[in-house]
Number of protein chains: 2
Amino acid sequence: MGLTKSEIFTDEQNQLSTLLKAIAHPARIAILQRIIISNTCICGDLVGELGLAQATISQHLKELKTAGIIQGTIEGVSVCYCINPKTWKLLEDQLGAFLGSYKGELSCC
Amino acid sequence: MGLTKSEIFTDEQNQLSTLLKAIAHPARIAILQRIIISNTCICGDLVGELGLAQATISQHLKELKTAGIIQGTIEGVSVCYCINPKTWKLLEDQLGAFLGSYKGELSCC
DNA sequence: ATTTTATATCGCAATATTACGATATCGTAT
DNA sequence: ATACGATATCGTAATATTGCGATATAAAAT
């Protein structure tokens with residue numbers, strides 16, 4: 001096996017888990033934080049600042065892009081990556097609904 | 001390789017990614033939703049309701065427990081799992097800070 | 001045209017995850 | 001004591017992820 005049985009879950013559950021999986025890695029969290037802080041992120045910067053090889057960072061960027069969390073536009077020689085506002089909002093909404101559905105008060109154990 | 005280089009990231013980045021990874025699976029999202037709705041969750045119910053084998057669900061429960069997201073107390077024959085309020089709040093806070101750090105307005109591309 | 005610079009892709013090895021049958025454990029009822 | 005029901009653990013196969021060196025691509029500078 002090793003294959004997630006997506007067909008037995010709802011679209012919402014699958015979508016949320018896909019988005020979460022995309023950001024559930026310290027390198028990708030670090031990358032997103034950099035993109036957010038310096039509003040003009042370039043991959044090369046990341047290679048210098050994080051301790052990962054260029055190929056590895058490029059791969060993480062690709063995963064974030066595939067999940068729709070970031071978008072990249074070619075900026076001459078380099079590529080400018082930034083947050084995709086739509087997906088970011090979707091993530092905030094879905095996750096807010098999910099996390100917010102638990103009201104800590106009456107716990108059974 | 002295949003081993004995440006945790007040592008080059010901050011504790012916060014590692015902690016958040018660990019929590020996210022724990023909930024980044026549709027089955028575990030489904031399990032958490034059930035636990036939240038029926039405030040007295042029992043593993044056996046899940047086996048009937050989700051389409052996964054008992055061993056698989058037990059394993060997912062263990063992962064959620066290891067991450068500290070749920071806690072289980074033995075309730076006679078069965079086990080009562082519920083949300084761990086502390087971790088849930090931690091996740092909400094950390095994630096809120098992370099997601100909230102992006103202000104959609106001025107995007108560069 | 002050639003070199004340089006920035007990023008992407010390929011291919012691979014190491015490790016992790018997912019799923020499940022089989023079996024173990026353990027409290028409860030008989 | 002034995003059998004039963006609920007959950008956990010073990011072992012294993014299939015697949016996914018992580019990381020990186022090597023190489024490809026492509027725009028800009030020389």
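To find a chain, count down the sequence lines: A is the first, B the second, and so on, and within it residues start at 1. Side-chain atoms are counted along with the backbone in the values below, which use heavy atoms only and exclude waters and symmetry mates. The structure displayed is predicted, hence computed values, not measured ones.
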Any pair counted as salt bridge (charged side-chain N to carboxylate O under 4.0 Å, His left out), so long as it reaches residues 9-29 of chain B, sequence neighbours left out: B:Arg28-B:Glu63
For B:Leu46, enumerate each residue passing the side-chain contact (heavy atoms from CB on, under 4.5 Å) test, keeping only those at least two apart in sequence or located in another chain. B:Ile31, B:Arg34, B:Cys41, B:Ile57, B:Leu61
By a strict heavy-atom criterion of less than 4.0 Å, which residues belonging to residues 16-36 of chain B are in contact with DNA chain C? B:Lys21, B:His25, B:Arg28
Who passes side-chain contact (heavy atoms from CB on, under 4.5 Å) against B:Leu99, sequence neighbours left out? A:Trp88, A:Leu91, A:Glu92, A:Leu95, B:Leu95
Round to the nearest Å and state the distance from A:Ile57 atom CD1 to D:dC20 atom P. 9 Å
Send over the distance from A:Ile8 CD1 to C:dT18 P, rounded to a whole Å. 13 Å
Using the side-chain hydrogen bond (donor to acceptor under 3.5 Å, both in side chains) criterion, which residues pair with A:Ser6? Sequence neighbours excluded. none
Mind checking side-chain hydrogen bond (donor to acceptor under 3.5 Å, both in side chains) for B:Lys89 and listing every partner two or more places apart, or none if nothing turns up? B:Asp93
Interatomic distance where CG belongs to B:Leu50 and C1' belongs to C:dA19 [whole Å]: 14 Å
Should A:His60 be listed as having a side-chain N or O under 4.0 Å from OP1 or OP2 of D:dT17? no
Under 4.0 Å between any heavy atoms, over every strand shown, what does A:Leu52 touch: base, sugar-phosphate, or nothing? Just pick one. sugar-phosphate
If hydrophobic clusters are built from ILVMFWY residues whose side chains come within less than 4.5 Å, do B:Ile29 and A:Ile8 share one? yes
Quick one: side-chain contact (heavy atoms from CB on, under 4.5 Å) partners of B:Ser78, sequence neighbours excluded? B:Ile42
Below 3.5 Å between N/O atoms, which protein atoms pair up with nucleotides 4-11 of chain D? Just atom names and distances, please.
| residue | atom | partner | partner atom | Å |
| --- | --- | --- | --- | --- |
| D:dT7 | OP1 | B:Val79 | N | 3.3 |
| D:dT7 | OP2 | B:Gly44 | N | 2.7 |
| D:dA8 | OP1 | B:Tyr81 | OH | 2.4 |
| D:dA8 | OP2 | B:Ser58 | OG | 3.0 |
| D:dA8 | N7 | B:Gln54 | NE2 | 2.9 |
| D:dA8 | N6 | B:Gln54 | OE1 | 2.9 |

With A:Thr18, which residues qualify under side-chain contact (heavy atoms from CB on, under 4.5 Å), at least two apart? none
Rounded to whole Å, the CD-P distance (A:Glu75 to D:dA28) equals 11 Å
Send over the distance from A:Glu63 CD to C:dT9 P, rounded to a whole Å. 13 Å
